[in-house]
Amino acid sequence: MENKLNSESFLEKINLFGLKSLVISGAKKDKLKNVVRIIVLDYSIWIILFGIVMILSSLTSRFLTTVNLMNILLHSSILGVVVIGESICLLSGKFDLSVGSTVGLSGALAAWLMVTGQPAASGWALHPIPAILIVLLVGIGIGLFNGFFIAKVGMNPLLTTLASMIFLRGMALIVTSGESLYNFPPSYQFLGGGTIGPVPTAVVIMLALYIIFHFILNCKKIGRHIYIVGGNPEAARACGISVEKVVMLAFMMSGFLAAVGGILLSSRLNSAQTISGSGMELDAIAASVIGGISLQGGRGILLNTIAGVLVIESIRTGLVLLDVPAFWIRCTMGFVIFLAILMDTLKVKLK
Amino acid sequence: MEKIPIIKMVNISKNFGAVKALQDVNFEVYPCEVVALVGDNGAGKSTLMKILAGVYPPSKGEIFIEGEKVNFTSPADAISRGIQMIYQDLAVADNIDVAGNIFLGRELEKKALGGFTKIIDKKRMEELAWEALERVKINIGSVREKVENLSGGQRQAVAIARAISAKAKIIIMDEPAAALGVKETHELLELIKDLKEKKIAVVYISHRLENIFEVSDRVIVLKGGKRIADRQTKDTTMEKIRQLIVEGV
């Protein structure tokens, strides 16, 4: 009975807040606008990637070859894994500059634990499985450390992770006594250097991680909360979401993924160098932003960052193939990062 | 016997450093009551309500809900006791869709992958979001629309629908009409009357006395962090309340 009354008054007051006309007249336009927005704004990066591949292929016949494309994919797989973590941090509205050093330290630590016959190693000759577990735990611990001081203590994320970046690079030097360690056990080398069928193992691992974290971000409560905290931390707090916990988890995921990246890189090179992964933090941020993850937090689609990674690696490889001097490649990469951030800013302004 | 107040705040004080924002303030709301909380800027209205919503802990004082003493350490505690606050900025996440905002922080889940894990139940959230919007008699084109694409009134509606669907016993509104036009304000006041019929108490913080006299049962006046008056709306006039706000007598 009450329901009926309610629905009657509902019809009567359907125009509440003057919405009815707005909704009806807006519906058609909105639909068209939405389709355009989805293609142009949400997935444009794949079109850009296609364009870049086309241009580079037309400039040099060496670009569009199986060997080169496989090479780009292999390079992309390591950066891609790191980019997942960086993107999660950016989505939560923060930054992680320490991922490059975490990559370096992870490789160094893995080598120190496993490698034999070199004075700089621990001499424990650990089996790869416990060694990998230790390295992953250290990665998560680094994220927990960053996340704790950023979320709970309220320190600036940029400077906190910059300090971690310097500290962890130093730790990598300490662990390996400043030397390069090489010659990992074969099962470890398989991760970064092996293939499953025709596909490099590292690429399979990267794709698997993309799928897992895409699922977490889009289907799990914690993923939703990462987007909410990045979009409006005050609203998140007012609705009972623990912003601190969410930010800490985001950093822990980033640390974990950077450690995976470090394992893959050292495994592929079959050596751990103290400078491994340096500069990767900026590549990771660039790939995330090129892939449409907003620096303002809370916006972006994780899967698109694969395209971001491929854009960066294609340009880099393409320039090498075109015999562009290394210094100019550096300048170009800086310019690409600049363009990506410019685009991100303009996108926010357009909205 | 007197009715048990749904909310009773006793001798609440709040200091921010040396600033005494509230001093020994009592505040109570009875079931189905619309209480207006008025006072000049800095009188302590928002601070008092943020204490009730669990945003700040009080420096001193006690809070009782339906006669039971509570200690809120976070907004989540207050929400779990049926207290919903609608902030001036509405606390909506622009990057999330309407359904997601109505279920912000209390997303529904369902089992997935053969019970192996739980995922967000988007479909159920969308259905219930429609229901909540219907209950506040709001029509929004799609519950999948991102909140950033909505008008001020629509955003307000989302915030209210959220409070209602969270089974609020009491809804606190901080200057809810601030961003609304004349027509939308009128509709908001109708909605508040409607909430009262649905047995939800409302605390209405506002400077606009004409709105207050249209919907409220009782007016409480704060000045300089103290409660200086408590009047039945029908027994007083706008002129008297204005005088209390400005001169304190």
Side-chain angles (χ1 to χ4, degrees), chain A residues 2-3 5-7 9-31 33-34 37 91 93 215-216 218-225 227-244 246 294 296-300 348 351, chain B residues 53-55 74-80 85-87 89-96 100-101 103-109 112-113 117-120 122 134-142 144-145 147-154 156-157 162 166 180-181 183-184 187-188 190-191 194 198:
Chain A
E2 197 188 276
N3 256 337
L5 272 174
N6 265 346
S7 64
S9 60
F10 170 52
L11 287 174
E12 219 179 271
K13 293 184 192 165
I14 195 165
N15 218 357
L16 187 68
F17 288 13
L19 294 176
K20 194 183 171 192
S21 52
L22 187 150
V23 166
I24 290 171
S25 68
K28 260 190 187 159
K29 241 195 266 168
D30 271 3
K31 210 166 192 181
K33 216 175 79 188
N34 266 335
R37 196 174 65 195
L91 284 173
F215 173 77
I216 290 175
N218 289 285
C219 301
K220 298 289 289 177
K221 215 168 176 171
I222 176 67
R224 173 65 67 103
H225 287 182
Y227 274 95
I228 295 171
V229 166
N232 187 347
E234 295 314 316
R237 196 168 281 128
C239 290
I241 296 172
S242 168
V243 175
E244 291 83 7
V246 171
S294 170
Q296 334 287 324
R299 287 163 212 275
V348 172
K351 279 185 177 166
Chain B
V55 178
S74 73
D77 293 345
I79 290 167
S80 72
M85 178 144 178
I86 297 173
Y87 298 83
D89 63 3
L90 302 176
V92 287
D94 278 341
N95 57 333
I96 305 288
N101 265 287
F103 285 92
L104 210 65
R106 50 185 190 91
E107 291 80 9
L108 303 176
E109 292 181 303
L113 305 178
T117 184
K118 276 200 255 174
I119 62 169
I120 292 184
K122 285 178 191 164
E134 272 182 23
R135 279 172 66 191
V136 295
K137 307 188 178 69
I138 298 301
N139 196 351
I140 288 177
S142 161
R144 290 184 190 160
E145 187 70 66
V147 167
E148 65 194 349
N149 299 326
L150 302 185
S151 70
Q154 286 174 313
Q156 180 96 45
R162 170 163 73 208
L180 302 183
K183 185 160 177 282
E184 289 178 329
E187 286 157 348
L188 174 73
E190 290 299 312
L191 180 59
D194 210 49
K198 293 191 171 104

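We name chains A, B, ... by the order of the sequence lines, and we start the count at 1 in each one. Only this structure's heavy atoms are used, side chains among them; waters, hydrogens and symmetry mates stay out.
Residue A:Asn218 holds its CG atom at 9.0 Å from CD1 of B:Ile120, rounded to the nearest 0.5 Å. Separation of atoms CD1 (A:Ile241) and CG (B:Leu104) is listed at 5.0 Å; rounding is to 0.5 Å. Considering NZ of B:Lys122 and CZ of A:Arg224, their distance stands at 6.0 Å, rounded to 0.5 Å.
Side-chain N or O atoms of A:Lys221 include none that pairs as donor or acceptor with a backbone N or O of B:Ile119 at under 3.5 Å.
Heavy-atom pairs under 4.5 Å with chain A peak, among B:Val92, B:Asn101, B:Val55, at B:Val92.
Contact of B:Glu109 with chain A is made through the side chain alone, with heavy-atom distances under 4.5 Å.
Not counting sequence neighbours, the partners of B:Ala91 by the side-chain contact (heavy atoms from CB on, under 4.5 Å) test are A:Ala235, A:Ala238, B:Tyr87, B:Asp89, B:Arg162.
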- Message: Between B:Glu107 and A:Ile228, does the side-chain contact (heavy atoms from CB on, under 4.5 Å) criterion hold? Intermediate values first, please.
- Response: CA-CA 12 Å; B:Glu107 291 80 9; A:Ile228 295 171; 3.4 Å; yes
